[in-house]
Amino acid sequence: MKSKTLPAWARLVCTAAAALVFLLVYEWAVYGVPLGRIYLPASAWSDEVYYAKQLSAVVTHGVPQGYFGFNESHAEIGRFAAWGPAAFYLYAIPGLIFRGQNAFLYCNLFWVLAGWLCFVWGTRLDWKRQLLFGVGIAALNAPVRYVFSAMQEPLHYALVLAVLGLAAGIRRGCRHAGAVWAALFVLCAAATLVRPYNAAGTLVLMKKFYAPYLFANVDLGAVEELLHGHFWAAVRSVYYKLLGAWQQLGQEIADGTRVGSCYLLLFALLLVTLACVIWNAAHKQPVFWKVCALVVTLVVFLALMLMYRPGEASRHTIVYDLLLLAALVAEQPPLTAAAAPVLLAVLSVAGIRMTTARGDSDTSTFTMPVYNAGLSQEVADLQTALTESQTRLTSDDPWDHVCAYALGGGSHFGMLYAVPDGMGLQFDEDTYLLDPANEIHSRYVMANTDSDVAQYLEENGWALLYEGTSAAVYECG
């Protein structure tokens, strides 16, 4: 927003208020759940509780008191799982203010508003372009859904907007350039640490500070070959990995899955941005930020294809959808009456496909979790039982402060929000838990009483600590 009568700080306050109102009204209008009725334990996304509990451990204890991991594993250094600990210490900044089961969601709102403000400040967007940017985000849909969740994606939205905004401010000759450069360096470092697509950082962080995942969801084969001096082996690894990823992308797009829709949207925005660059260059118009956005997006896309499986990488592409959209809105000369509706129509179709296309996740994935009184009471009852059990313990062994979740045990993973703050979580496969050769280190295991895991635990002397409609928890005898 731009006004001749308001100082800069007042304009930013108005911008923040307008952005917050936009997000809240959009969420309510599209998903039908007001902010106060959103209840994360009822969510269909299992990752959320894993992130939320790592944040609450940092806020309440500084570090987790128990191990976070998969199949009874833990990091070589520290007690965090994937993407820790950097992301959770960043989230702890607003997390010191926002508490409760929806704290992660409120932190996401905080970060997105902060990134939006940096973007507006640096690029000096007027209210019309801000409105166009908001309409573009609304057309995409998925970014707003992620904001109202306990997923980490909104932090990356904020970081990419803030980096673009600060860089634009430096380029236009803002005051206090030294301080802005320092802030830009910090933001770039943070973006690398919380989602390390650069290979060297990934190797160090994943091998030392992350708990091993259930499967190798990040492929570092080519990087490791290079580090061992095997250049041609690395080249072959890159070729076959990209070939396989491209074939899978083609299949996902042909099948009309949600994963395919994510990539279709990215490709559409890449083509739109490239067309604008060619047109603008031919007419002596600015292209710098659009070219930067294109280069960054293409480099990261290749990194995603090399390091991830296309399915897991698909939601990360939304960050670069926003980068391309932001670059277009910030730098593109005033859009013609015909061009704006066409672009928004493309975004709308892609956004609808992304959130409604069939995929591996169930059909309720993009619905908003609403408050459930019965589930809330069960969470409270289980939390009481676990708190009393923990109070009786005098052991400092981290494993005595861990609750494992049997992935096929039939319990609702939202019940893990009942785990007292500071405790660790393990996501364990049933086949792992049922194998006598594998020692179960966790003191507690969540699995329904009629499951194979529960029967195995009972046969091995585990005691039933809690049983409810949504979950049961066993304690090591």
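Other residues, nucleotides and ligands contribute over 12 non-hydrogen atoms within 6.0 Å of the CZ atom of Arg172. The local environment of CZ in Phe185 is sparse, with at most 12 non-hydrogen atoms from other residues, nucleotides or ligands closer than 6.0 Å.
A distance of 7.5 Å separates CD1 of Ile93 from CZ of Phe110, quoted to the nearest 0.5 Å. Expressed to the nearest 0.5 Å, how far CZ of Arg99 lies from OG1 of Thr60 amounts to 7.5 Å. One distance of note links OH of Tyr146 with CG of Asn141; it measures 11.0 Å at 0.5 Å rounding. Here the CD1-SG distance, from Ile318 to Cys262, works out to 5.0 Å after rounding to the nearest 0.5 Å. Within the model, atoms CD of Gln101 and CD1 of Ile38 stand 13.5 Å from one another, a figure rounded to the nearest 0.5 Å. Atom CD of Glu48 and atom CD of Gln152 lie 11.5 Å apart (nearest 0.5 Å).
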Pairs under 3.5 angstrom only: tabulate donor-acceptor contacts from the side chains of residues 265-292 to other protein residues two or more places apart or in another chain.
from, atom 1, to, atom 2, distance (Å)
Thr273, OG1, Leu269, O, 2.7
Asn280, OD1, Lys290, NZ, 3.0
Asn280, ND2, Gln285, OE1, 2.8
His283, ND1, Trp279, O, 2.9
Lys290, NZ, Pro286, O, 3.0
Lys290, NZ, Glu331, OE1, 3.1
Lys290, NZ, Gln332, OE1, 3.3

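Taking the six-membered ring where tryptophan is involved, the planes of Phe427 and Tyr405 are tilted, since the angle between them lies from 30° to 60°. Ring planes of Phe70 and Tyr50: tilted class, angle from 30 to 60°.
Judged by distance alone, the side chain of Gln426 and the main-chain N or O of Val402 form no donor-acceptor pair under 3.5 Å. Side chain of Arg124 to main chain of Gly169: no donor-acceptor pair is present (N/O by atom type, distance under 3.5 Å, no hydrogens or angles). Of the possible donor and acceptor atoms, one in the side chain of Lys53 sits under 3.5 Å from a partner among the backbone N and O of Val419. Proximity of a side-chain donor or acceptor of His412 to a complementary backbone N or O of Pro41 within less than 3.5 Å is detected. With hydrogens and angles ignored, the 3.5 Å screen pairs a side-chain donor or acceptor of Tyr89 with a backbone N or O of Gly62. Between the Arg37 side chain and the Val370 main chain, no donor and acceptor come within less than 3.5 Å of each other. Checking side-chain atoms of Tyr26 against main-chain N and O of Ala138 turns up a donor-acceptor pair under 3.5 Å. In this structure, Thr297 contributes its side chain and Leu294 its backbone to no donor-acceptor pair below 3.5 Å.
The side-chain heavy atoms of Leu113 and Leu117, taken from C-beta on, include no pair separated by under 4.5 Å. Looking at heavy atoms from C-beta onward, Phe98 lies in side-chain contact with Cys107 at the 4.5 angstrom threshold.
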*Which is it for Val59 and Phe88 under the side chain to side chain contact (heavy atoms under 4.5 Å, CB included) test, yes or no, and what are the steps along the way?*
CA-CA 9 Å; Val59 171; Phe88 302 107; over 6 Å; no
*Test side chain to side chain contact (heavy atoms under 4.5 Å, CB included) on Leu322 and Leu140 and set out the steps.*
CA-CA 9 Å; Leu322 284 179; Leu140 292 176; 4.1 Å; yes
*asked:* Let's go through Arg175 and Val180 carefully: what are the C-alpha distance in whole Å and the side-chain angles of both, what is the deciding distance for side chain to side chain contact (heavy atoms under 4.5 Å, CB included) to 0.1 Å, and is it a yes or a no?
replied: CA-CA 9 Å; Arg175 292 188 300 173; Val180 178; over 6 Å; no
*Worked check of side chain to side chain contact (heavy atoms under 4.5 Å, CB included) between Leu35 and Tyr106*: CA-CA 10 Å; Leu35 180 64; Tyr106 300 137; 4.1 Å; yes
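In this structure, Val379 and Met415 approach most closely via the heavy-atom pair CG2-SD, 3.9 Å. Closest heavy-atom contact between Ser46 and Val49: O-CG1, 3.4 Å.
With ring centers used as reference points, Tyr51 lies 6.0 Å or more from Trp45. You'll find the ring centres of Phe80 and Phe68 outside the 6.0 Å limit. Between Phe119 and Phe133, the distance from one ring center to the other falls under 6.0 angstrom.
Checking Asp321 against Tyr157 by side-chain atom types alone, no donor-acceptor pair falls below 3.5 Å. In the model, Tyr39 has no side-chain atom that pairs as donor or acceptor with a side-chain atom of Asn102 under 3.5 Å.
For Tyr67, the ring pair (Phe, Tyr, Trp, His ring centres under 6.0 Å) partners are His74, Trp399, not counting sequence neighbours.
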